[in-house]
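Quick notes on the structure that follows.
Note that ligands are numbered from 1 as they come in the structure, with each ligand's atoms numbered from 1 the same way. Predicted model, so just to flag it, every value in this text is computed and none were measured.
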Amino acid sequence: MIIKKFIAKDFKGALKQAKKEMGSDAIILHTSKVRRGGIFSFLFSPQVEITVAVDESLQVNSDRLRKPVSPTAAAAEPNSPAFSPQNANPGAKAIAQSAPGELLQELQTMKNLINDVKVKFYEVEQIKGISGEVQAFYETLINNQVEKELALKIINRVESRLPKDSKGDELWVRDLCLHTIQEYIDDIKPIELQRDKKGALVFMVGPTGVGKTTTIAKLAANMSFLEGKEVALITLDTYRVSAAQQLRTFADIIGIPISVVFNPQDLGEAIKQYQKKDIIFVDTAGRSPYKDEHMGELQDFIEAANPDETILVLSVTTDSRDLINIYQQFNLIGVDKIIFTKLDESCNYGRILNTIYHIRKPIAYLTTGQNVPDDIEVPDTLELARTLLREGGAI
Ligand SMILES: Nc1nc2c(ncn2[C@@H]2O[C@H](COP(=O)(O)OP(=O)(O)O)[C@@H](O)[C@H]2O)c(=O)[nH]1
Ligand SMILES: [Mg+2]
């Protein structure tokens, strides 16, 4: 492990130096204000000193965190390169040890093929009456991971709205496509603080490693620095020492208070303490949505706190079906809005459209990188729609 100190007139400056020298995976161990020495030290404002470490083993860990929540589900996606009729049914492989097993496997392969052909026929049938220009956009949507059912819906809607004399007009068709896609993602609701209400309570929930803590740091910093709001943080993530420390470091840097809470009883106290703040963010432990006891614990905290908003954080590096499953699990405790993270790591913007189409919840923010506080934005639906109509998907 390499540890180094950086001093600058403000935190941003020190962090910039540190990142430049140590790389963006560097971890902040400590921050403090320091004064220059000498008899005139009182003339200068204090400087910020940060202690930063780089550890190879931690870099491996953070890479692991970035992987999709369920690698097996990613492999099962029909569009993914890993998909083939043979591995579509893992059971078939086990049976294939013996000769009758091989036969069964052959049958399974045939079944899958027939299914594929059926899907293709259905697609052809659906697309048959649709004009060529619109069909071209169907292909683009599919290439950008928009699911077939939804892509067909979109182009059918476009076709039905297209004036007869505009059929060959590519610009018309494109505009109509953009407009139609936007209709599916038009519910955008960032956090909005009411002027006369204090102590707005926002829970951030979601699986491990999706970016909950980082996103809270971004929002807290922006609200505090840019909007001049009074922000407080509470973390319930006490399972890993480093997790609570991570948020504490951000809180220290931003200059806002933070409480670490271990049980639902203490949560009420912590919230009371921050009632005069404009907003209180509650960071939760990223735990498995498929484990009842994990969700039960979260439920206890939610019931004790009665939040104004519960925001589910989802990473677009997770495949669409998993995203929807994760949502369904978390929605048992009530989800008001979604934040999609890691758009910088994946070109699969179609996953946003697919997820929202199925779950019909507003999007609050999109995050586009690890930089606190810059890499977060309120979605621009036109820009998102444009991305989905671009070959290759990346902005
Ligand atoms: N590329 C990328 N990485 C992100 C983004 N948001 C968070 N991360 C990284 O994802 C990892 C896990 O983030 P963290 O906030 O600890 O996730 P949590 O477990 O949900 O709290 C960290 O390395 C973050 O820097 C993002 O928008 N893009
Ligand atoms: Mg966290």
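- Close approach of ligand 1 to T367 is summarised as follows: ligand atoms under 4.0 Å from at least one heavy atom of the residue are 26 (C), 27 (O).
- Taking all heavy atoms of T214, L343, T213 into account, the minimum distance to atom 13 (O) of ligand 1 is reached by T214.
- Annotation for L312 and Y327: closest pair CD2-CA, 3.7 Å, computed over non-hydrogen atoms.
- Other residues, nucleotides and ligands contribute at most 12 non-hydrogen atoms within 6.0 Å of the NZ atom of K4.
- Short contacts between ligand 1 and E345, defined as distances under 4.0 Å to a heavy atom of the residue, involve ligand atoms 1 (N), 2 (C), 3 (N).
- Taking distance alone, with nitrogen or oxygen atoms compared against 3.5 Å, T208 stays at or beyond that limit from ligand 1.
- With a 6.0 Å radius and a threshold of 12 heavy atoms from other residues, nucleotides or ligands, E106 has its CD atom at or below the threshold.
- Between G211, A217, G369, S315, it is G369 that holds the heavy atom closest to atom 5 (C) of ligand 1.
- For the residue pair Y357 / K153, a side-chain donor-acceptor distance below 3.5 Å is found, with atom types taken as modelled.
- A salt bridge is defined here as a Lys NZ or Arg NE, NH1 or NH2 lying under 4.0 Å from an Asp or Glu carboxylate O, and R390 with E383 meets this definition.
- Residue contacts to the Mg ion (ligand 2): T213 brings an N, O or S atom closer than 2.8 Å.
- Checking D283 against T213 by side-chain atom types alone, a donor-acceptor pair falls below 3.5 Å.
- Distances from ligand 1 to the non-hydrogen atoms of G209 include at least one value under 4.0 Å.
- In summary, the atoms of ligand 1 found under 4.0 Å from a heavy atom of T368, numbered by their order in the structure, are 27 (O).
- Looking at I216, V210, D344, T341, it is D344 that brings a heavy atom closest to atom 2 (C) of ligand 1.
- The distance criterion of under 3.5 Å between nitrogen or oxygen atoms is met by K342 with respect to ligand 1.
- Sparse packing is recorded around CD of E170, with 12 or fewer heavy atoms of other residues, nucleotides or ligands lying under 6.0 Å away.
- For E183 and R161, the salt-bridge test passes: some basic side-chain N is under 4.0 Å from an acidic carboxylate O.
- Considering backbone and side-chain N/O atoms, K212 comes within less than 3.5 Å of an N/O atom of ligand 1.
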